[in-house]
Amino acid sequence: MLSLVACVLAVGEPTIHNLSFSGPRDWTYDARLVVPSGERSGLVVLMIGGGIGNDLDWTVPATLEWNGDVIPMTIDGTTHRDAPRISSALAAHGHAVMHYSTIAREDPKRDRWPYEMTTMAPTELLSLATLAATCVRAHPATTKDRLVLLGHSMGGQRSCVQAADDPAVVGLVLLAPAQMTRTGPDDPGRNLNQLEAHAQLKARDTNGDGQVQGAEIPESSDLDEDGTLRLWEASAILARVQRAAMPPQEGPDSHGIPFGEDALAKRPLPTLILYGNLDDAQSHHAPILQDLIDAGTLTSVEVRILPGIGHQLGPEQDNRLGPVSNKAIEPITAFLQRHRHPVQ
(Lines give C-alpha, C1' and ligand atoms only; values in the text may rest on other atoms or scores of the structure.)
Protein backbone atom coordinates (compact mmCIF):
# COMPACT_ATOMS: atom_id res chain seq x y z
CA MET A 1 0.00 0.00 0.00
CA LEU A 2 1.23 3.49 -0.86
CA SER A 3 -0.57 6.68 0.03
CA LEU A 4 0.68 10.20 -0.54
CA VAL A 5 -0.11 13.83 0.01
CA ALA A 6 1.96 16.48 -1.78
CA CYS A 7 2.56 19.95 -0.41
CA VAL A 8 4.15 22.48 -2.79
CA LEU A 9 5.96 25.28 -0.99
CA ALA A 10 6.99 28.70 -2.29
CA VAL A 11 8.71 29.16 -5.64
CA GLY A 12 12.21 27.70 -5.50
CA GLU A 13 11.39 25.52 -2.52
CA PRO A 14 11.34 21.73 -2.83
CA THR A 15 8.12 19.77 -3.07
CA ILE A 16 7.38 17.73 0.05
CA HIS A 17 5.53 14.44 -0.41
CA ASN A 18 4.23 12.90 2.82
CA LEU A 19 3.99 9.17 2.19
CA SER A 20 3.18 5.93 3.92
CA PHE A 21 3.99 2.34 3.04
CA SER A 22 3.32 -1.11 4.48
CA GLY A 23 6.12 -2.95 6.22
CA PRO A 24 6.81 -5.72 8.73
CA ARG A 25 3.77 -7.02 10.64
CA ASP A 26 1.61 -5.31 7.97
CA TRP A 27 2.02 -2.09 9.92
CA THR A 28 2.10 1.34 8.29
CA TYR A 29 5.24 3.47 8.27
CA ASP A 30 5.44 7.20 7.54
CA ALA A 31 7.94 8.62 5.06
CA ARG A 32 8.79 12.00 3.58
CA LEU A 33 10.09 12.53 0.06
CA VAL A 34 11.77 15.86 -0.70
CA VAL A 35 11.97 16.67 -4.41
CA PRO A 36 14.04 19.73 -5.32
CA SER A 37 12.91 22.40 -7.72
CA GLY A 38 15.06 23.45 -10.64
CA GLU A 39 17.80 21.29 -12.07
CA ARG A 40 17.76 17.71 -10.77
CA SER A 41 20.85 15.57 -10.22
CA GLY A 42 19.20 12.34 -11.33
CA LEU A 43 19.83 10.82 -7.89
CA VAL A 44 17.37 9.98 -5.12
CA VAL A 45 18.87 9.34 -1.69
CA LEU A 46 17.12 6.97 0.71
CA MET A 47 18.09 7.69 4.32
CA ILE A 48 18.21 4.60 6.57
CA GLY A 49 18.33 5.32 10.30
CA GLY A 50 20.46 3.52 12.84
CA GLY A 51 20.06 1.56 16.03
CA ILE A 52 16.82 -0.25 16.75
CA GLY A 53 14.55 2.60 15.71
CA ASN A 54 14.12 6.22 14.72
CA ASP A 55 11.29 8.65 14.20
CA LEU A 56 10.65 10.36 10.88
CA ASP A 57 12.99 13.28 11.57
CA TRP A 58 15.80 11.41 13.38
CA THR A 59 14.98 13.57 16.40
CA VAL A 60 17.29 14.06 19.37
CA PRO A 61 15.15 15.48 22.20
CA ALA A 62 16.48 18.31 24.33
CA THR A 63 15.92 16.33 27.55
CA LEU A 64 14.70 13.00 28.84
CA GLU A 65 13.06 12.39 32.21
CA TRP A 66 14.24 9.23 33.94
CA ASN A 67 13.41 8.18 37.50
CA GLY A 68 12.48 11.74 38.33
CA ASP A 69 15.67 13.21 36.89
CA VAL A 70 15.78 15.48 33.84
CA ILE A 71 18.70 14.38 31.67
CA PRO A 72 20.00 16.90 29.10
CA MET A 73 20.52 15.28 25.70
CA THR A 74 21.68 18.15 23.52
CA ILE A 75 24.51 20.62 23.91
CA ASP A 76 22.42 23.77 23.57
CA GLY A 77 19.33 22.47 25.35
CA THR A 78 17.10 22.45 22.27
CA THR A 79 15.66 19.53 20.33
CA HIS A 80 17.29 18.96 16.96
CA ARG A 81 16.20 16.95 13.94
CA ASP A 82 18.98 15.58 11.78
CA ALA A 83 16.98 14.05 8.92
CA PRO A 84 15.49 17.36 7.68
CA ARG A 85 18.89 19.01 8.08
CA ILE A 86 20.52 16.41 5.83
CA SER A 87 17.66 16.22 3.34
CA SER A 88 17.50 20.02 2.96
CA ALA A 89 21.22 20.20 2.26
CA LEU A 90 21.03 17.45 -0.35
CA ALA A 91 17.90 18.88 -2.00
CA ALA A 92 19.72 22.22 -2.34
CA HIS A 93 22.18 20.36 -4.59
CA GLY A 94 19.45 18.88 -6.77
CA HIS A 95 19.06 15.49 -5.08
CA ALA A 96 15.69 14.02 -4.16
CA VAL A 97 15.73 12.55 -0.63
CA MET A 98 13.43 10.22 1.29
CA HIS A 99 13.57 9.46 5.00
CA TYR A 100 11.15 7.34 6.99
CA SER A 101 10.11 6.36 10.49
CA THR A 102 10.61 2.88 11.91
CA ILE A 103 7.85 3.55 14.46
CA ALA A 104 4.65 2.25 12.89
CA ARG A 105 1.31 4.01 13.13
CA GLU A 106 -0.17 0.85 14.65
CA ASP A 107 2.58 0.47 17.26
CA PRO A 108 0.77 0.39 20.65
CA LYS A 109 3.81 2.10 22.18
CA ARG A 110 4.04 4.81 19.51
CA ASP A 111 3.04 7.60 21.89
CA ARG A 112 5.75 6.57 24.39
CA TRP A 113 8.69 7.26 22.06
CA PRO A 114 11.54 8.06 22.77
CA TYR A 115 11.18 6.15 26.02
CA GLU A 116 9.60 3.09 24.46
CA MET A 117 8.49 1.61 21.16
CA THR A 118 7.82 -1.91 19.95
CA THR A 119 11.22 -3.34 19.14
CA MET A 120 11.80 -4.85 15.72
CA ALA A 121 14.48 -7.41 14.99
CA PRO A 122 17.44 -6.20 12.89
CA THR A 123 16.24 -8.47 10.08
CA GLU A 124 12.84 -6.74 10.18
CA LEU A 125 14.56 -3.36 9.98
CA LEU A 126 16.49 -4.62 6.94
CA SER A 127 13.21 -5.69 5.36
CA LEU A 128 11.71 -2.29 6.15
CA ALA A 129 14.60 -0.52 4.41
CA THR A 130 14.10 -2.68 1.33
CA LEU A 131 10.39 -1.81 1.28
CA ALA A 132 11.23 1.89 1.66
CA ALA A 133 13.47 1.60 -1.41
CA THR A 134 10.59 0.03 -3.32
CA CYS A 135 8.35 2.91 -2.22
CA VAL A 136 10.69 5.64 -3.43
CA ARG A 137 11.44 3.88 -6.73
CA ALA A 138 7.71 3.60 -7.44
CA HIS A 139 6.98 7.28 -6.80
CA PRO A 140 6.28 9.23 -10.02
CA ALA A 141 8.67 12.02 -8.99
CA THR A 142 11.67 9.69 -8.62
CA THR A 143 10.96 6.65 -10.76
CA LYS A 144 13.64 7.69 -13.28
CA ASP A 145 16.24 8.60 -10.64
CA ARG A 146 19.16 6.40 -9.65
CA LEU A 147 19.09 5.22 -6.05
CA VAL A 148 21.75 5.98 -3.43
CA LEU A 149 21.45 4.62 0.12
CA LEU A 150 22.57 6.79 3.05
CA GLY A 151 22.72 4.77 6.26
CA HIS A 152 23.67 5.70 9.81
CA SER A 153 25.20 3.28 12.36
CA MET A 154 23.39 -0.08 12.12
CA GLY A 155 21.54 1.45 9.18
CA GLY A 156 24.94 1.65 7.47
CA GLN A 157 25.42 -2.09 7.76
CA ARG A 158 21.88 -2.65 6.49
CA SER A 159 22.59 -0.33 3.55
CA CYS A 160 25.61 -2.43 2.54
CA VAL A 161 23.61 -5.66 2.68
CA GLN A 162 20.69 -4.17 0.77
CA ALA A 163 22.97 -2.77 -1.95
CA ALA A 164 24.75 -6.10 -2.39
CA ASP A 165 21.51 -7.70 -3.61
CA ASP A 166 19.72 -4.78 -5.26
CA PRO A 167 21.00 -3.76 -8.72
CA ALA A 168 18.96 -0.55 -8.53
CA VAL A 169 21.36 0.84 -5.90
CA VAL A 170 24.22 2.75 -7.54
CA GLY A 171 26.04 4.20 -4.52
CA LEU A 172 26.37 4.27 -0.75
CA VAL A 173 26.97 6.93 1.88
CA LEU A 174 27.63 5.40 5.29
CA LEU A 175 27.67 7.52 8.45
CA ALA A 176 29.45 5.92 11.42
CA PRO A 177 28.39 2.47 10.18
CA ALA A 178 28.35 -0.44 12.63
CA GLN A 179 29.28 -4.12 12.18
CA MET A 180 31.51 -3.23 9.24
CA THR A 181 34.60 -5.33 9.99
CA ARG A 182 35.45 -8.32 12.14
CA THR A 183 37.53 -7.35 15.15
CA GLY A 184 38.80 -10.87 15.81
CA PRO A 185 38.05 -14.58 15.36
CA ASP A 186 34.36 -15.53 15.53
CA ASP A 187 33.27 -11.92 16.02
CA PRO A 188 29.47 -11.89 16.66
CA GLY A 189 29.27 -8.24 15.63
CA ARG A 190 30.82 -6.18 18.42
CA ASN A 191 34.16 -4.71 19.43
CA LEU A 192 35.93 -7.76 20.86
CA ASN A 193 38.93 -5.65 21.91
CA GLN A 194 37.16 -2.94 23.87
CA LEU A 195 38.03 -4.18 27.36
CA GLU A 196 41.70 -4.68 26.49
CA ALA A 197 41.78 -1.27 24.82
CA HIS A 198 40.35 0.32 27.98
CA ALA A 199 43.03 -1.42 30.06
CA GLN A 200 45.79 -0.23 27.76
CA LEU A 201 44.61 3.37 27.87
CA LYS A 202 44.45 3.29 31.67
CA ALA A 203 47.98 1.87 31.88
CA ARG A 204 49.38 4.48 29.49
CA ASP A 205 47.76 7.41 31.32
CA THR A 206 50.82 7.86 33.53
CA ASN A 207 49.84 11.30 34.86
CA GLY A 208 46.30 10.20 35.71
CA ASP A 209 44.51 13.02 33.88
CA GLY A 210 42.14 10.65 32.08
CA GLN A 211 43.77 11.15 28.68
CA VAL A 212 46.64 9.55 26.81
CA GLN A 213 48.60 12.35 25.19
CA GLY A 214 52.10 13.44 24.26
CA ALA A 215 54.84 11.07 25.35
CA GLU A 216 52.20 8.67 26.72
CA ILE A 217 51.23 7.72 23.14
CA PRO A 218 53.16 4.78 21.64
CA GLU A 219 54.75 5.39 18.26
CA SER A 220 52.35 5.16 15.27
CA SER A 221 49.33 4.71 17.55
CA ASP A 222 47.72 8.13 17.10
CA LEU A 223 45.94 7.10 13.92
CA ASP A 224 44.16 10.41 13.32
CA GLU A 225 47.19 12.44 14.48
CA ASP A 226 45.16 14.68 16.80
CA GLY A 227 47.51 14.35 19.78
CA THR A 228 45.24 12.06 21.80
CA LEU A 229 45.11 8.26 21.85
CA ARG A 230 41.44 7.31 21.96
CA LEU A 231 39.62 4.07 22.68
CA TRP A 232 38.76 3.47 19.02
CA GLU A 233 42.42 3.81 18.02
CA ALA A 234 43.59 1.32 20.65
CA SER A 235 40.77 -1.03 19.60
CA ALA A 236 41.70 -0.76 15.92
CA ILE A 237 45.36 -1.55 16.60
CA LEU A 238 44.35 -4.65 18.56
CA ALA A 239 41.93 -5.65 15.78
CA ARG A 240 44.73 -5.42 13.21
CA VAL A 241 46.76 -7.89 15.26
CA GLN A 242 43.78 -10.23 15.64
CA ARG A 243 42.94 -10.13 11.94
CA ALA A 244 46.53 -10.82 10.91
CA ALA A 245 46.55 -14.03 12.95
CA MET A 246 43.12 -15.42 12.05
CA PRO A 247 42.14 -17.45 8.97
CA PRO A 248 39.63 -15.96 6.52
CA GLN A 249 36.25 -15.63 8.20
CA GLU A 250 32.81 -16.09 6.69
CA GLY A 251 29.25 -15.83 7.93
CA PRO A 252 26.94 -13.13 9.29
CA ASP A 253 26.83 -11.43 12.66
CA SER A 254 24.77 -12.73 15.56
CA HIS A 255 21.61 -11.22 14.04
CA GLY A 256 22.07 -13.12 10.79
CA ILE A 257 23.12 -10.01 8.84
CA PRO A 258 26.39 -10.03 6.84
CA PHE A 259 29.26 -7.84 7.95
CA GLY A 260 29.71 -4.68 5.94
CA GLU A 261 33.10 -5.72 4.58
CA ASP A 262 31.58 -8.86 3.01
CA ALA A 263 28.62 -7.00 1.49
CA LEU A 264 30.84 -4.26 0.05
CA ALA A 265 33.15 -6.86 -1.53
CA LYS A 266 30.20 -8.76 -3.01
CA ARG A 267 29.03 -5.88 -5.19
CA PRO A 268 31.51 -3.00 -5.45
CA LEU A 269 29.81 0.39 -5.64
CA PRO A 270 31.01 3.97 -5.18
CA THR A 271 30.94 4.26 -1.39
CA LEU A 272 31.73 7.10 1.01
CA ILE A 273 32.22 6.13 4.66
CA LEU A 274 32.46 8.82 7.35
CA TYR A 275 33.42 8.38 11.00
CA GLY A 276 33.98 10.99 13.69
CA ASN A 277 37.16 10.92 15.74
CA LEU A 278 35.10 11.29 18.94
CA ASP A 279 33.17 8.09 18.14
CA ASP A 280 34.53 5.35 20.40
CA ALA A 281 31.57 3.12 19.51
CA GLN A 282 32.33 2.51 15.83
CA SER A 283 35.38 4.41 14.54
CA HIS A 284 37.64 1.41 15.19
CA HIS A 285 36.31 0.07 11.88
CA ALA A 286 37.81 2.95 9.90
CA PRO A 287 41.49 1.86 9.99
CA ILE A 288 40.55 -1.73 9.10
CA LEU A 289 38.45 -0.51 6.18
CA GLN A 290 41.40 1.60 5.03
CA ASP A 291 43.62 -1.49 5.23
CA LEU A 292 41.15 -3.31 2.95
CA ILE A 293 41.16 -0.37 0.55
CA ASP A 294 44.96 -0.31 0.48
CA ALA A 295 45.06 -4.07 -0.11
CA GLY A 296 42.77 -3.71 -3.14
CA THR A 297 39.85 -5.58 -1.55
CA LEU A 298 37.47 -2.61 -1.45
CA THR A 299 38.50 -0.70 -4.55
CA SER A 300 35.47 1.59 -4.81
CA VAL A 301 35.36 2.68 -1.16
CA GLU A 302 36.56 5.95 0.38
CA VAL A 303 36.76 6.23 4.18
CA ARG A 304 37.37 9.40 6.20
CA ILE A 305 37.74 10.22 9.88
CA LEU A 306 36.37 13.68 10.62
CA PRO A 307 37.70 15.72 13.56
CA GLY A 308 35.62 16.97 16.46
CA ILE A 309 32.44 14.98 15.86
CA GLY A 310 31.02 11.81 17.35
CA HIS A 311 28.78 8.89 16.49
CA GLN A 312 25.83 11.11 15.51
CA LEU A 313 28.16 12.96 13.11
CA GLY A 314 27.80 16.10 15.19
CA PRO A 315 29.70 17.69 18.09
CA GLU A 316 29.66 16.02 21.50
CA GLN A 317 30.18 17.59 24.93
CA ASP A 318 29.79 15.82 28.28
CA ASN A 319 27.66 13.07 26.68
CA ARG A 320 25.38 15.67 25.12
CA LEU A 321 24.90 15.89 21.37
CA GLY A 322 24.84 18.61 18.75
CA PRO A 323 23.12 18.45 15.35
CA VAL A 324 24.75 16.71 12.43
CA SER A 325 27.73 18.82 11.41
CA ASN A 326 28.59 20.53 8.15
CA LYS A 327 31.88 18.63 8.49
CA ALA A 328 29.84 15.56 7.51
CA ILE A 329 27.32 17.17 5.17
CA GLU A 330 29.94 18.82 2.95
CA PRO A 331 31.78 15.60 1.96
CA ILE A 332 28.41 13.92 1.35
CA THR A 333 27.34 16.62 -1.10
CA ALA A 334 30.76 16.58 -2.77
CA PHE A 335 30.59 12.79 -3.18
CA LEU A 336 27.10 12.93 -4.67
CA GLN A 337 28.14 15.76 -6.97
CA ARG A 338 30.73 13.47 -8.53
CA HIS A 339 28.01 10.91 -9.27
CA ARG A 340 25.27 13.14 -10.65
CA HIS A 341 23.30 11.56 -13.46
CA PRO A 342 20.73 14.03 -14.80
CA VAL A 343 17.75 12.38 -16.46
CA GLN A 344 17.69 13.10 -20.19
Starting from [Y], can I reach [X] by hopping between I/L/V/M/F/W/Y residues whose side chains sit under 4.5 Å apart?
X	Y	answer
L149	V303	yes
L19	V44	yes
I48	V301	yes
W232	Y275	no
F335	L147	no

Problem - Heavy-atom neighbours of D26 CG exceed 12 at 6.0 Å - result: no
Exercise for the section: May I ask you to check whether over 12 heavy atoms, not counting those of N319, lie within 6.0 Å of atom CG? Expected result: no
Exercise for the section: List the steps and the verdict of side chain to side chain donor-acceptor pair (under 3.5 Å) for S235 and N193. Expected result: CA-CA 5 Å; S235 296; N193 304 297; over 6 Å; no
Return the minimal non-hydrogen interatomic distance between [X] and [Y], and the atom names on each side.
X	Y	answer
G156	P177	CA-CB, 4.0 Å
D279	A176	OD2-CB, 3.6 Å
P167	D165	CD-O, 3.6 Å
L172	V148	N-CG1, 4.2 Å
Q282	Q179	OE1-N, 4.0 Å
D145	A96	OD2-CB, 4.0 Å

Where the side chain of [X] meets the backbone of [Y], is there a donor-acceptor pair that is under 3.5 Å apart?
X	Y	value
T63	P72	no
Q194	N191	no
S325	K327	yes
N207	E216	no
D82	V324	yes
T130	L128	no
D224	N277	no
N326	I329	no
S300	P268	no
D55	S101	no

Handout entry: Short side-chain donor-acceptor distance under 3.5 Å, D253 and Q157
Key = yes
Practice task
Verify the distance criterion only: is there a donor paired with an acceptor across the side chains of T228 and Q211 at less than 3.5 Å?
Solution key: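 No pair is found: no donor N or O on one side chain lies under 3.5 Å from an acceptor on the other.
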Less than 4.0 Å between a side-chain N and a carboxylate O, is that true for [Y] and [X]?
X	Y	value
D318	R320	yes
D226	R230	yes
R25	E106	no
E261	K266	no
E116	K109	yes
D57	R32	yes
R182	E250	no

Exercise for the section: For the residue pair H95 and H93, categorise the inter-ring angle as parallel (less than 30°), tilted (30 to 60°) or perpendicular (more than 60°). Expected result: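 Correct class here is parallel.
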Practice task
Classify the ring geometry between W66 and Y115 as parallel (under 30°), tilted (30 to 60°) or perpendicular (over 60°).
Solution key: parallel
Spacing of [atom1] belonging to [X] relative to [atom2] belonging to [Y], to within rounding of 0.5 Å:
X	Y	atom1	atom2	result
S37	E13	OG	CD	7.5 Å
M98	T142	CE	OG1	8.5 Å
R243	L238	CZ	CG	13.5 Å
L289	M180	CG	CE	5.0 Å
H255	R158	NE2	CZ	9.5 Å
D30	N18	CG	CG	8.0 Å

Practice task
Going by the side chain to side chain contact (heavy atoms under 4.5 Å, CB included) test, name the single residue among L56, V45, L150 that passes it with H99.
Solution key: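 Of L56, V45, L150, side chain to side chain contact (heavy atoms under 4.5 Å, CB included) with H99 is met by L56 alone.
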Are any non-hydrogen side-chain atoms of [X] and [Y] less than 4.5 angstrom apart?
X	Y	result
D222	E233	yes
R110	T118	no
I309	L278	no
T183	H284	yes
T102	L125	yes
L175	I332	yes
E219	S221	no
Q290	P287	no

Practice task
Could you check L174 against H152 for side chain to side chain contact (heavy atoms under 4.5 Å, CB included), going step by step and ending with a plain yes or no?
Solution key: CA-CA 6 Å; L174 310 178; H152 173 248; over 6 Å; no
Practice task
Begin from the C-alpha positions of R304 and L306 and carry the test side chain to side chain contact (heavy atoms under 4.5 Å, CB included) through to its verdict.
Solution key: CA-CA 6 Å; R304 297 191 197 178; L306 304 177; 4.3 Å; yes
Problem - V97/L33 under side chain to side chain contact (heavy atoms under 4.5 Å, CB included): CA gap, chis, key distance, verdict - result: CA-CA 6 Å; V97 188; L33 174 62; over 6 Å; no
Exercise for the section: Report the C-alpha distance between M120 and I52 in whole Å, list the side-chain angles of each, state the deciding distance to 0.1 Å, and finish with yes or no for side chain to side chain contact (heavy atoms under 4.5 Å, CB included). Expected result: CA-CA 7 Å; M120 288 197 290; I52 59 172; over 6 Å; no
